[in-house]
K.L.:
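Dropping a structure here in C-alpha cells format, bear with me for questions.
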Amino acid sequence: YLLAGLNALAGTENGREALKETITVSKDPQTGETIYTVHFPGAAKIREELIKQGVPEDQIDIKDSYTYTEAELREKAKLAGPKYSTGDKDVLLVEAAYEDLRADAREDIEDLRKVNPKLTDKQIEEQLHIAGATEDDTLSGGFAYDPIFMLTGLDSEVYMNNDKVDNAPVCSVDSDMNMTVTGGGYNLSLVENMKIDSMFNRIEQDCRDGKLDNCAMTVGFTVSTQTVNGKVIPGGGHALTITKIEGDNVYMRNPWNPEKEIVMTRDEVKRAATKITLTPLPADGN
C-alpha cells in the first residue's frame, strides 16, 4: 500500500514535484555526518486538528518530520528485503520514517479518545490515517491513500467495498506478475458503477497527452499467495498503482515488480477491486 502510493505519486508530473520536498539532506555541524530528514505535510495537518479538538500540544506524539543519520540509515538498510524494500535509498528512508510516524500516531489514539470519547475506533483510525497499523507491526498493513495524504497533505476520493470485501474474488498472480480475476465478482449498484466510471474517466482524460499530470490513482485487490523474490507473500489485500486508462483498458503496476505493466479491463477491475482511490494533485501542491 505504501509503495503503491509512492509509485502513484512518482508516476505523475505534479506528484513528482511534491515528492521533491519529502527528503532534505544536511550535515551535522559537529561531526560532519550526513543527516536525512523526511517531511510529512499530512502529519502537520493532523497535529493542527488534534490541537483544535483539545489535545494538549505537548502530549501529541505524531511528528511532521523524522530525522536519521547516515549510520542509522545503514542499520535500516540491513533489514532491506525481510522488512523494507530493496534498492532505492529514498524509499528506504520513507519506509523507516512512515513506520515511526505510525507508531507515534498510535500513541495519540488515547489522547484523541479522551477529548472526544464518542469517536469510534474506525473514526479515530481515519482521523489519524493509521488504518492497518497494529501495536506489533506499524508498517505492513494499510490503505494507499493514507501515505499519499501524509506525503502531500492532500485528501483522496475513495471507493471502498467494505460490505463485500469478505466475498471479494481472488486475483491470481502468475510467475510473470500477470493478474487474472478468478471466480465470480461483485454485483455493483448503479451508484457504485457511476462512481468508479467517474474516477476512471478523470484518469483517462488526464492521460490524453500521453502522461499523468494531475491525479494519482491506486487500486486494491484480494490476491492469492505468491512467491516474490524468493519470499512467500501471504494472500490477502494488495495495492497496485494505476498508471493510465485508455478506453476499456486499465494499466497498472505491482509494487512486487513495478517494471511489469498489468492490463485488465474496466469491468474486470470493477468486479474485483476492494478499493479504488484517486488523489487530485494541483500543480502548486495546495
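Values below: all heavy atoms of this structure, side chains included; hydrogens, waters and symmetry mates excluded. This structure is a prediction, so every number in the text was calculated from the model and none was measured.
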K.L.:
For L154 versus P282, what's the shortest heavy-atom pair and its separation?
P.N.:
CD1-CD, 3.9 Å
K.L.:
Thinking salt bridges, do E17 and K20 make one under a 4.0 Å N-O criterion?
P.N.:
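Salt bridge between E17 and K20, a charged N being under 4.0 Å from a carboxylate O: yes.
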K.L.:
Is the backbone N or O of L119 less than 3.5 Å from a side-chain atom of R113, with the two atoms forming a donor-acceptor pair by type?
P.N.:
no
K.L.:
Looking only at the side chains, is there a donor atom on one of Q53 and E49 sitting less than 3.5 Å from an acceptor on the other?
P.N.:
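On atom types as modelled, these side chains qualify, holding a pair under 3.5 Å.
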K.L.:
What heavy-atom pair brings V94 and I23 nearest, and what distance separates the two atoms?
P.N.:
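Distance-wise, the nearest heavy atoms are CG2-CD1, 4.3 Å.
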K.L.:
Could you check whether any side-chain heavy atom of K63 comes within less than 4.5 Å of a side-chain heavy atom of L101, counting everything from C-beta outward?
P.N.:
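Side-chain contact under 4.5 Å: no.
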K.L.:
If you define the side chain from C-beta out and look only at heavy atoms, does anything of R74 sit under 4.5 Å from E70?
P.N.:
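Of all side-chain heavy-atom pairs linking E70 with R74, at least one is under 4.5 Å.
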K.L.:
Which pair of non-hydrogen atoms, one from V269 and one from M252, has the smallest distance, and what is that distance?
P.N.:
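Where V269 meets M252 most closely, the heavy atoms are CG2-CE, 4.4 Å.
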K.L.:
Has the side chain of E75 got a donor or acceptor atom that lies under 3.5 Å from a matching backbone atom of E72?
P.N.:
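Side chain of E75 to backbone of E72, a donor-acceptor pair under 3.5 Å: no, none is there.
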K.L.:
With heavy-atom distances below 4.5 Å as the criterion, would you say the side chains of H39 and Y66 are in contact?
P.N.:
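Contact flag for H39/Y66 side chains = no.
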K.L.:
Taking the side chain as every heavy atom from C-beta outward, state whether F143 and I148 have any atom pair closer than 4.5 Å.
P.N.:
no
K.L.:
Under a 4.5 Å side-chain heavy-atom rule over Ile, Leu, Val, Met, Phe, Trp and Tyr, are L93 and V25 clustered together?
P.N.:
yes
K.L.:
Transitively linked via ILVMFWY side-chain contacts under 4.5 Å: I62 with I51?
P.N.:
yes
K.L.:
Looking only at heavy atoms, which two atoms of P147 and L2 are closest? And how far apart?
P.N.:
CB-CD1, 3.4 Å
K.L.:
Can you measure from CG (N254) to OG1 (T241) and round to the nearest 0.5 angstrom?
P.N.:
9.0 Å
K.L.:
Let me confirm one number: the CG-CD distance from N249 to E268, rounded to the nearest 0.5 Å.
P.N.:
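CD of E268 is found 9.0 Å from CG of N249.
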K.L.:
Atom OH of Y98 and atom CG of L6: how far apart are they, to the nearest 0.5 Å?
P.N.:
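So the gap between those two atoms works out to 9.5 Å.
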K.L.:
For S224 and S172, test the side chains for any donor-to-acceptor distance below 3.5 angstrom and give the result as yes or no.
P.N.:
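No, S172 and S224 have no side-chain donor paired with an acceptor closer than 3.5 Å.
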K.L.:
Check whether any side-chain N or O of E21 sits under 3.5 Å from a backbone N or O of A18 as a donor-acceptor pair, and report yes or no.
P.N.:
no
K.L.:
Between K45 and D64, is there a side-chain N and carboxylate O pair less than 4.0 Å apart?
P.N.:
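Not counted as a salt bridge, because no side-chain N and carboxylate O are separated by less than 4.0 Å.
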K.L.:
Would the distance check show the side chain of Q123 and the main-chain N or O of T120 forming a donor-acceptor pair, the cut-off being under 3.5 Å?
P.N.:
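Checking the backbone N and O of T120 against the side chain of Q123, a donor-acceptor pair under 3.5 Å is found.
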K.L.:
Within a reach of under 6.0 Å around NZ of K260, are more than 12 heavy atoms found that belong to other residues, nucleotides or ligands?
P.N.:
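It does: K260 NZ has more than 12 such atoms within range.
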K.L.:
Report the C-alpha separation of E13 and L212 in whole Å, then their side-chain angles, then the decisive distance to 0.1 Å, and conclude whether the side-chain contact (heavy atoms from CB on, under 4.5 Å) test is met.
P.N.:
CA-CA 7 Å; E13 291 287 333; L212 271 174; over 6 Å; no
K.L.:
Please lay out, stage by stage, how K270 and F200 fare under the test side-chain contact (heavy atoms from CB on, under 4.5 Å).
P.N.:
CA-CA 10 Å; K270 284 198 290 185; F200 282 171; 4.0 Å; yes
K.L.:
Kindly say whether the aromatic ring centers of F149 and H129 come within a distance under 6.0 Å.
P.N.:
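Close enough - the centres of the two rings lie under 6.0 Å apart.
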K.L.:
Among D136, D137, T138, which residue meets the side-chain hydrogen bond (donor to acceptor under 3.5 Å, both in side chains) test with S140?
P.N.:
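In the set D136, D137, T138, the residue that makes a side-chain hydrogen bond (donor to acceptor under 3.5 Å, both in side chains) with S140 is D137.
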K.L.:
Identify, with sequence neighbours excluded, every residue that meets salt bridge (charged side-chain N to carboxylate O under 4.0 Å, His left out) alongside E99.
P.N.:
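E99: salt bridge (charged side-chain N to carboxylate O under 4.0 Å, His left out) contacts with K83.
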K.L.:
Between the side chains of Y145 and K275, does any donor sit under 3.5 Å from an acceptor?
P.N.:
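No, no side-chain donor-acceptor pair sits under 3.5 Å.
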K.L.:
Where the side chain of K195 meets the backbone of V158, is there a donor-acceptor pair that is under 3.5 Å apart?
P.N.:
yes
K.L.:
Considering all heavy atoms of both residues, which atom of A131 and which atom of D146 are nearest to each other, and what is their separation?
P.N.:
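Nearest heavy atoms, A131 then D146: N-OD2, 3.9 Å.
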K.L.:
I'd like to check E33 versus K27 (side-chain heavy atoms, cut-off strictly below 4.5 Å). Are they in contact?
P.N.:
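No, too far: nothing below the 4.5 Å cut-off.
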K.L.:
Same cluster or not: I196 versus V263, using hydrophobic residues (I, L, V, M, F, W, Y) connected whenever any side-chain heavy atoms lie under 4.5 Å apart?
P.N.:
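The answer is no; the residues belong to distinct hydrophobic clusters.
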K.L.:
Step by step, work out the side-chain hydrogen bond (donor to acceptor under 3.5 Å, both in side chains) result for T67 and T37.
P.N.:
CA-CA 4 Å; T67 298; T37 302; 3.2 Å; yes
K.L.:
Apply the test side-chain contact (heavy atoms from CB on, under 4.5 Å) to residues T222 and H238: give CA-CA distance (whole Å), side-chain angles for both, the deciding distance (0.1 Å), then the verdict.
P.N.:
CA-CA 6 Å; T222 298; H238 186 50; over 6 Å; no
K.L.:
Quick one, I242 and T218 - any side-chain contact, counting heavy atoms below 4.5 Å?
P.N.:
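With C-beta onward as the side chain, the pair stays apart.
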K.L.:
Between E246 and K244, is there a side-chain N and carboxylate O pair less than 4.0 Å apart?
P.N.:
yes
K.L.:
Are L281 and L9 packed together at the side-chain level, in the sense that at least one heavy-atom pair is separated by less than 4.5 angstrom?
P.N.:
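Side-chain contact under 4.5 Å: yes.
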K.L.:
In Å, rounded to the nearest 0.5 Å, how long is the span from CG of D111 to CD of Q59?
P.N.:
5.5 Å
K.L.:
Should D108 and V55 be marked as a side-chain contact (heavy atoms from CB on, under 4.5 Å) after you check the CA-CA gap, both sets of side-chain angles, and the distance that decides it?
P.N.:
CA-CA 9 Å; D108 291 320; V55 179; 5.6 Å; no
K.L.:
Is the shortest heavy-atom distance from the side chain of I109 to the side chain of I130 under 4.5 Å?
P.N.:
yes
K.L.:
Does anything in residues 198-212 form a side chain to side chain donor-acceptor pair (under 3.5 Å)? List the pairs, not counting sequence neighbours.
P.N.:
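Passing the test, one end in residues 198-212: E157-R202, N201-R266, E204-R266, Q205-R208, D206-N214, D209-K211.
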K.L.:
How far does OH of Y251 sit from CD of E261, to the nearest 0.5 angstrom?
P.N.:
6.5 Å
K.L.:
Mind checking whether L79 and L3 sit in one hydrophobic cluster, side chains of I, L, V, M, F, W, Y counted as touching below 4.5 Å?
P.N.:
yes
K.L.:
Where do Y68 and A97 come nearest, in terms of heavy atoms and distance?
P.N.:
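Nearest heavy atoms, Y68 then A97: OH-CA, 3.1 Å.
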K.L.:
State the OG1-CZ distance between T134 and R102, to the nearest 0.5 angstrom.
P.N.:
8.5 Å
K.L.:
Please say yes or no: joined through hydrophobic side-chain contacts below 4.5 Å, possibly via intermediate residues, are V115 and I60 part of one cluster?
P.N.:
yes
